[in-house]
Amino acid sequence: MNGIVTKLPEFIKYEVESIWNLFKVKLNMERIMSTSFAHITWVIANCCDEERVNEVLEKFGRTKTPFVVKTNGIGIFTGKRPAMYIQIKPDIEMLNFQNELFGLFSPYAYRMKKNYRKEVWIPHISLATEDLSTENITAAVKWILHKSLKYDIRIDSFSLVRKEKNKDMEVVNRYNLHRTHNE
């Protein structure tokens with residue numbers, strides 16, 4: 001798997017990791033921890049031409065201005081494989097950023113994940129995925145319901161990542177957003 005993500009700043013990383021640890025200890029849920037670090041996912045594919053993607057992402061990062069996203073509590077993706085996440089309030093700057101990344105990544109990617117098309121993408125920070133079920137979802141919500149999970153997150157970089165089967169996710173390359181509002 002390859003994707004483009006933004007690693008979370010320390011103050012939220014610790015909060016998310018504490019929730020992951022709580023779920024592991026209290027509910028025996030640990031699949032989310034295989035992602036290795038807390039992040040926002042912009043786009044995912046089964047694989048990509050990392051060399052070509054790296055070239056276009058380096059250029060893209062130099063043209064973009066850092067921006068802020070706001071979180072707003074807990075959300076749940078329903079269906080056969082439910083997931084719990086921290087909601088991110090979509091705004092036009094963030095949606096345009098994600099859509100541009102999708103457009104740059106897709107010519108060099110294979111089997112793009114459809115949930116990342118601009119028409120259906122829901123920005124979020126995953127808290128529980130594969131091992132969330134109808135049997136433990138109520139308990140999971142109970143354990144974190146008291147948390148406000150409202151943050152302002154400055155997006156000033158993004159990373160190309162790789163995750164091979166049964167291995168942790170690793171950063172292939174990180175790209176800083178360079179342009180300032182004065183340029």
Side-chain angles (χ1 to χ4, degrees), residues 1-45 64-103 105 112-161 163 169 171 177:
M1 181 280 307
N2 282 110
I4 302 172
V5 306
T6 292
K7 290 176 89 171
L8 296 178
E10 293 296 311
F11 71 99
I12 297 179
K13 172 185 164 250
Y14 291 126
E15 181 74 28
V16 170
E17 288 175 352
S18 74
I19 292 170
W20 290 354
N21 287 325
L22 177 70
F23 286 173
K24 180 180 180 179
V25 170
K26 299 287 186 183
L27 302 169
N28 199 31
M29 294 170 36
E30 59 184 45
R31 289 288 304 269
I32 188 64
M33 296 170 111
S34 69
T35 62
S36 308
F37 51 83
H39 63 277
I40 299 169
T41 304
W42 302 107
V43 63
I44 296 176
K64 293 297 161 191
T65 305
F67 59 97
V68 174
V69 299
K70 296 178 180 291
T71 65
N72 189 32
I74 302 168
I76 296 175
F77 292 126
T78 59
K80 289 183 215 175
R81 292 173 41 187
M84 182 182 298
Y85 60 92
I86 298 173
Q87 298 175 354
I88 298 176
K89 295 179 186 179
D91 67 26
I92 195 69
E93 187 171 21
M94 177 190 55
L95 294 172
N96 287 339
F97 180 80
Q98 188 274 339
N99 189 47
E100 286 181 72
L101 282 173
F102 187 94
F105 187 69
M112 297 284 292
K113 300 296 180 189
K114 295 177 183 176
N115 291 345
Y116 292 88
R117 291 187 331 265
K118 73 176 183 176
E119 306 84 36
V120 295
W121 181 64
I122 298 172
H124 66 280
I125 300 166
S126 296
L127 295 175
T129 55
E130 309 283 326
D131 41 14
L132 188 67
S133 67
T134 54
E135 290 78 31
N136 63 14
I137 196 168
T138 302
V141 170
K142 177 185 157 199
W143 284 108
I144 63 170
L145 199 55
H146 66 283
K147 297 178 179 289
S148 76
L149 302 174
K150 293 187 180 193
Y151 306 105
D152 290 348
I153 304 169
R154 185 172 193 264
I155 305 297
D156 59 9
S157 68
F158 58 96
S159 299
L160 175 62
V161 295
K163 181 168 183 348
M169 187 163 60
V171 172
L177 304 183

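As a basis for the values below, the full set of heavy atoms in this structure was taken, side chains included, without hydrogen atoms, waters or symmetry mates. Since the structure is predicted, the reported quantities are computational estimates derived from the model, not experimental observations.
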Side chain proximity check, [X] to [Y], heavy atoms < 4.5 angstrom:
| X | Y | result |
| --- | --- | --- |
| Trp42 | Met94 | yes |
| Ile74 | Met84 | yes |
| Glu10 | Tyr14 | yes |
| Phe23 | Leu132 | no |
| Ile40 | Ile155 | yes |
| Leu8 | Glu15 | no |
| Leu177 | Phe67 | yes |
| Lys64 | Phe158 | no |

Locate the shortest heavy-atom distance separating [X] from [Y]; write the atom from each residue and the value.
| X | Y | answer |
| --- | --- | --- |
| Gly73 | Lys150 | N-CG, 4.4 Å |
| Gln98 | Lys118 | OE1-CA, 4.3 Å |
| Ser126 | Val16 | O-CG1, 4.3 Å |

Whether the side chain of [X] engages the backbone of [Y] through a donor-acceptor N/O pair (distance < 3.5 Å, no angle test) should be reported.
| X | Y | value |
| --- | --- | --- |
| Thr129 | Ala83 | no |
| Gln87 | Thr71 | no |
| Asn136 | Asp131 | yes |
| Ser159 | Val161 | no |

Once rounded to the nearest 0.5 Å, what's the spacing between atom [atom1] of [X] and atom [atom2] of [Y]?
| X | Y | atom1 | atom2 | answer |
| --- | --- | --- | --- | --- |
| Thr6 | Ile125 | OG1 | CD1 | 10.0 Å |
| Tyr151 | Phe11 | OH | CZ | 8.0 Å |
| Phe37 | Met169 | CZ | CE | 3.5 Å |

So with a 6.0 Å cut-off around CG of Asp152, is the heavy-atom count from everything else above 12? yes
Within the supplied structure, the quantity of interest is the number of heavy atoms (other residues, nucleotides, ligands) at a distance under 6.0 Å from Lys13 NZ; does it exceed 12?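 Correct, the count exceeds 12.
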